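Notes follow the structure.
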Number of protein chains: 2
Amino acid sequence: MSLETEVKSGSSKKQGGDAKNVKGHLKRELLTLKRNRIIEEATILFFDEGYAGTTIEAIADKLQVTKPFIYSYFKNKEAILAAVCETGISEALEVLQSALSTDGTYRDILIQTLWQVGDIVIKRQACVVTYLREIKKLNPKDAARILQKRKEFDHKIAKLIDDGTSAGEFDLGPRAMDAIWIGGLISWLPVWFSAAGKLSKNDVLFGLVSAGLKLIGAAKMSEVEKNNITGQ
Amino acid sequence: MSLETEVKSGSSKKQGGDAKNVKGHLKRELLTLKRNRIIEEATILFFDEGYAGTTIEAIADKLQVTKPFIYSYFKNKEAILAAVCETGISEALEVLQSALSTDGTYRDILIQTLWQVGDIVIKRQACVVTYLREIKKLNPKDAARILQKRKEFDHKIAKLIDDGTSAGEFDLGPRAMDAIWIGGLISWLPVWFSAAGKLSKNDVLFGLVSAGLKLIGAAKMSEVEKNNITGQ
DNA sequence: ATTTAAATATACTATTGAGTATATTTTTTA
DNA sequence: TAAAAAATATACTCAATAGTATATTTAAAT
């Protein structure tokens with residue numbers, strides 16, 4: 001509600017509009033910050049206690065505000081869940097896109113993609129796991145929008161593998177399901193990975209890339225390549 | 001409660017004990033049947049609506065009984081969830097054990113294992129997915145018991161890979177995480193697989209085995225091997 | 001300074017659903 | 001067939017919590 005008011009006043013064409021806009025911008029920044037902080041705390045709680053196990057008051061308490069405060073930023077609990085779920089997949093998609101724009105062979109691109117997407121998926125572990133766990137609780141509209149992104153993600157990876165295969169860089173069998181399995185590796189990563197475990201993040205990402213390369217029949221990462229990607 | 005009574009009367013050493021036992025057995029069978037039917041319907045509902053989204057009454061309605069009926073077979077809702085979660089992992093573990101007792105090379109054993117475990121994991125899709133989704137909602141005791149089985153499962157697969165590697169059949173890199181990724185393939189399978197999709201179960205199982213073989217650097221399945229396992 | 005409006009909090013409603021006390025029916029035993 | 005016990009159902013309690021109507025404070029505009 002208040003968000004929309006803000007947007008409107010921001011597009012008003014009065015004189016002295018500059019000063020107005022600066023003010024408007026600060027407000028919008030504050031608004032965004034508050035929204036993001038709510039999402040952030042909700043993410044942690046959803047991850048730890050599950051969606052059903054998290055009350056709006058618990059989120060409010062973490063932020064030292066009250067329930068209606070939350071409701072002035074989100075229509076209802078479902079909307080918070082949708083925001084949490086969307087954050088993870090959106091960022092993963094962004095990172096995927098930037099990795100895909102790496103130049104080099106398709107194999108190079110795949111390495112970059114797996115490493116960077118893996119990295120973000122670990123960083124956004126709580127979002128991704130919450131998404132995987134709670135999709136069923138989203139309302140159809142949100143679910144459809146997020147599924148759309150998810151499909152785009154899968155499709156882009158499938159295309160990368162296809163292109164690399166056409167270029168003769170990858171060696172796939174007939175009726176290859178490699179895109180699915182690689183998507184599986186990525187989705188599985190945040191589920192089992194624990195920052196508390198023995199494996200370092202770099203070890204895990206190296207493992208992910210290695211597994212991905214094996215699945216499509218490409219050559220192993222060399223020491224040079226490994227050092228390159230680790231020390232960047 | 002009534003279950004325990006039954007067990008006691010079954011171990012009584014009166015004369016005519018045979019007749020008693022037969023009766024006792026029938027009763028126990030009925031009891032087990034009812035319990036299993038509750039678990040069955042709960043599994044479907046948990047899968048479709050989530051644990052929190054499923055009411056005890058909904059389960060009762062499906063079976064055309066009433067709420068207290070359910071409560072006479074399960075202490076509370078959590079106990080039903082525990083039973084649902086345990087069913088999947090228990091069966092997967094059983095199948096794993098039988099697959100591991102296949103004779104042949106380690107590669108043969110791995111093929112058998114992936115195929116059969118994949119098969120059961122598809123069949124028990126709803127249980128497995130519910131388990132992955134709702135672990136957090138189990139009480140610590142149930143969670144610990146089920147985690148135990150889960151660990152046994154992972155450990156057995158890790159051992160198989162280790163043994164095959166020692167025997168020189170598999171080609172792993174240093175600090176190999178292959179057991180984890182293979183466990184990932186298996187766990188990921190029921191999440192994305194849809195019986196409604198284009199891929200047949202056999203195609204998917206073949207894909208799973210192929211991916212597994214690639215991950216540990218073993219030779220592809222031959223046509224003969226494929227026909228062997230498909231037509232059994 | 002005064003008015004207006006925006007942000008935030010207090011205190012409530014209303015629903016849902018887990019779990020249970022009690023009644024009734026059915027089955028078993030004697 | 002009468003008494004006892006087991007299985008099942010009816011009708012409730014009680015707690016949790018999503019969501020809201022209303023009050024209060026804070027900030028902005030004139």
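Nothing here was measured: the structure is a model prediction, and the numbers come from that model. All chains are named by letter (A, B, ...) in the order of the sequence lines, taking the proteins before the strands, and each is independently numbered beginning at 1. Computed from heavy atoms alone, side chains included, the values below leave out hydrogens, waters and symmetry copies.
Between the OH atom of B:Y71 and the P atom of D:dA6 there is a distance of 23 Å, given to the nearest Å. Atom pair B:F74:CZ and D:dA7:P shows a separation of 15 Å (rounding to whole Å applied). In this structure, the CG atom of A:L45 is 15 Å from the C1' atom of D:dT17, given to the nearest Å. Between A:K77 atom NZ and D:dG19 atom P the separation is 8 Å, expressed in whole Å. Between B:I56 atom CD1 and D:dT8 atom P the separation is 17 Å, expressed in whole Å. We find that CD of A:E49 is positioned 11 Å from P of D:dT17, with the value rounded to whole Å.
Salt bridge absent: A:K151 and A:D154 never bring a charged side-chain N and a carboxylate O closer than 4.0 Å. Electrostatic pairing of B:R37 and B:E40 counts as a salt bridge here, judged by a charged N lying under 4.0 Å from a carboxylate O.
Using a 4.0 Å heavy-atom criterion, one finds that A:F69 contacts the sugar-phosphate atoms exclusively. Residue contacts for B:T66: at a heavy-atom cut-off of 4.0 Å it reaches a base atom on one of the strands shown.
Tested against A:E152 for a side chain to side chain donor-acceptor pair (under 3.5 Å), the candidates A:K156, A:R150, A:K149 yield a single pass: A:K156. Just one residue in the list B:V117, B:V128, B:L208, B:L189 forms a side chain to side chain contact (heavy atoms under 4.5 Å, CB included) with B:I122, and that residue is B:L189.
Looking at the side chain of B:V65, the nearest of the listed nucleotides D:dA18, C:dA18, D:dA9 is D:dA9. Distances were taken from every side-chain heavy atom of A:P68 (C-beta onward) to each of C:dG19, C:dT10, D:dT17; the shortest belongs to C:dT10.
A close approach under 4.0 Å does occur between a side-chain nitrogen or oxygen of B:K34 and OP1 or OP2 of D:dT8. For the OP1/OP2 pair of C:dT8 and a distance below 4.0 Å, the side-chain nitrogens and oxygens of A:Y73 include at least one atom meeting the criterion.
Checked by distance alone, B:K67 brings no side-chain donor or acceptor within 3.5 Å of a matching partner on the base of D:dA9.
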